[in-house]
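Given the structure is predicted, the values throughout are model-derived calculations rather than measurements.
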Amino acid sequence: MNQTQETTNAAFGNGMKTQAGAKMRVKKIAFAGLMGAVSAVLMLFRFPLPFMPPFMSFDLSGLMEMLGGFMFGPGAALMIIVVKILLQLVMQGSFSLGTGEIQNFILSCCYVMPALLIYHRHKTKKTALAGMGVSTVLVGIVAVFTNLYLIIPFYVRLFGMTMDEIISMCSAVNPAMKNAFSMAVLGILPFNLIKYGVTSVLTFLLYKRLSKVIKSIVEK
C-alpha cells in the first residue's frame, strides 16, 4: 500500500513539474514574441549618422535581440530576429525586394549568436562583455562584405545607378570617402562599430535590471 502511494505521489509530482515546465516555455515564447515586436518598433526610429554613408541608418533593434538571448538563450534570440523582420515587412514592406531583410537577418545573427555562445559557456560579466566585443567587431566586418557585395550592387541594378554615384553620395557627407575601399574603411565599418557598440553598452547597463523583472514573471 505504501509503495503504491509513493508511486502515485511520484507520478503526480512529475506531472506537476512537466506542467510547470510547459507553462514556463509558453511564457518564454510569449516574451520572445513581445521582444521581437519591440525590436520592430525600434527599427521605425532609425536615422542616419553624420559623416557616415547616407544609405545606412542607426537603430537599436539589436538591443531586444541581445537581451532576449542573454535571458532565454540563442533559440529565443533567433525567434526575436525573425519576428522583428516579419513585423517590419508587415508595417513597412520591403524597399529592396528582400535583400535588405536578408542582410538584416545575417547581421543580426552575426551580432547576437557569437556573444551568446561565449556568454552561456560561463555566465559572468566579463564573458558578457567579451562576447559582445567579439560580436561587434565581427558584425562590423561582415557588414562591409554584405554592403559591398549584396546591398550596393542590388541598388545599383535596381535604380540604374553606378558605383561612382554611390561613392559620390558618400563623398558629399565625408570627402575622405573617395572609392569603395575608403567607403568601407571610413564609412561602413565605423558605422556598424558605433551602432552595435552602443547597443552592447545599453545591453550591459539594462540586462540585470530587466532580467530580474522578466524572469520573475516567467518563473511564477
Side-chain angles (χ1 to χ4, degrees), residues 39-67 69 77 81 84-85 88 92 94-118 128-206:
S39 186
V41 171
L42 288 173
M43 283 195 71
L44 298 176
F45 298 96
R46 51 192 172 192
F47 54 90
L49 293 180
F51 309 111
M52 296 294 166
F55 54 84
M56 304 182 74
S57 298
F58 180 94
D59 67 74
L60 291 171
S61 60
L63 179 63
M64 291 294 108
E65 298 161 7
M66 191 67 84
L67 286 171
I81 293 168
K84 174 194 72 174
I85 293 172
Q88 192 223 353
Q92 294 185 303
S94 177
F95 302 104
S96 58
L97 298 181
T99 54
E101 287 68 38
I102 293 172
Q103 186 197 41
N104 194 327
F105 180 79
I106 292 171
L107 295 185
S108 292
C109 289
C110 285
Y111 173 58
V112 174
M113 295 306 170
L116 298 183
L117 291 175
I118 293 172
L129 283 172
M132 288 190 289
V134 169
S135 287
T136 298
V137 173
L138 176 63
V139 75
I141 295 170
V142 172
V144 170
F145 291 95
T146 56
N147 275 281
L148 291 181
Y149 298 106
L150 176 65
I151 296 299
I152 294 176
F154 175 80
Y155 278 108
V156 165
R157 293 191 184 94
L158 182 65
F159 296 107
M161 302 174 68
T162 65
M163 189 64 170
D164 288 337
E165 289 175 313
I166 298 291
I167 294 170
S168 294
M169 291 169 54
C170 296
S171 296
V173 296
N174 184 351
M177 291 187 278
K178 299 177 180 179
N179 50 45
F181 178 78
S182 59
M183 180 176 65
V185 174
L186 301 176
I188 298 171
L189 180 59
F191 174 90
N192 284 280
L193 291 178
I194 292 169
K195 176 180 176 178
Y196 293 103
V198 170
T199 301
S200 296
V201 171
L202 289 176
T203 299
F204 186 76
L205 294 175
L206 295 174

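Within the model, atoms OG1 of T99 and OH of Y155 stand 6.0 Å from one another, a figure rounded to the nearest 0.5 Å. Rounding to the nearest 0.5 Å places CG of N104 at 4.5 Å from CD1 of I85.
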Without placing hydrogens or testing angles, list every side-chain donor-acceptor pair under 3.5 Å for residues 133-150, not counting sequence neighbours.
residue : atom : partner : partner atom : Å
S135    : OG   : Y111    : O            : 2.7
S135    : OG   : A115    : N            : 2.9
S135    : OG   : G131    : O            : 3.2
T136    : OG1  : M132    : O            : 2.7
T136    : OG1  : S200    : OG           : 3.3
T146    : OG1  : Q103    : NE2          : 3.0
T146    : OG1  : V142    : O            : 3.4
T146    : OG1  : A143    : O            : 3.1
N147    : ND2  : A143    : O            : 2.8

Table please: side-chain donor-acceptor pairs of residues 181-191 below 3.5 Å, with sequence neighbours left out.
residue : atom : partner : partner atom : Å
S182    : OG   : K178    : N            : 2.8
S182    : OG   : N179    : N            : 3.0
S182    : OG   : N179    : O            : 3.0
S182    : OG   : N179    : OD1          : 3.0

Can you list, pair by pair, the side-chain donor-acceptor contacts under 3.5 Å of residues 46-55, counting residues two or more places apart and other chains?
residue : atom : partner : partner atom : Å
R46     : NE   : M43     : O            : 3.4
R46     : NH2  : Q92     : OE1          : 3.0

Can you give each donor-acceptor pair under 3.5 Å made by side-chain atoms of residues 158-169, sequence neighbours left out, with the distance rounded to 0.1 Å?
residue : atom : partner : partner atom : Å
T162    : OG1  : E165    : N            : 3.2
E165    : OE1  : T162    : N            : 2.8
S168    : OG   : D164    : O            : 2.9

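In terms of heavy atoms, A77 sits closest to V112 at CB-CG1, 3.6 Å.
S61 places no side-chain N or O within 3.5 Å of a backbone atom of S39 that could act as its donor or acceptor partner.
Listed by chain and number, the residues in a side chain to side chain donor-acceptor pair (under 3.5 Å) with E101 are S94 (sequence neighbours excluded). Applying the side-chain contact (heavy atoms from CB on, under 4.5 Å) test to L117 and every residue at least two apart in sequence or in another chain returns nothing.
By the 6.0 Å contact criterion, CZ on F154 is enclosed, its count of non-hydrogen atoms from other residues, nucleotides or ligands being greater than 12.
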* **L60 vs F58, side-chain contact (heavy atoms from CB on, under 4.5 Å): CA-CA, chis, key distance, verdict** => CA-CA 7 Å; L60 291 171; F58 180 94; 4.0 Å; yes

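You'll find the side chain of F204 stays beyond 4.5 Å of the side chain of L206, heavy atoms only. Between Q88 and L44 there is no side-chain heavy-atom pair separated by less than 4.5 Å.
Each salt bridge (charged side-chain N to carboxylate O under 4.0 Å, His left out) pair with one or both residues in residues 48-65, not counting sequence neighbours, appears once here: D59-K195, E65-K84.
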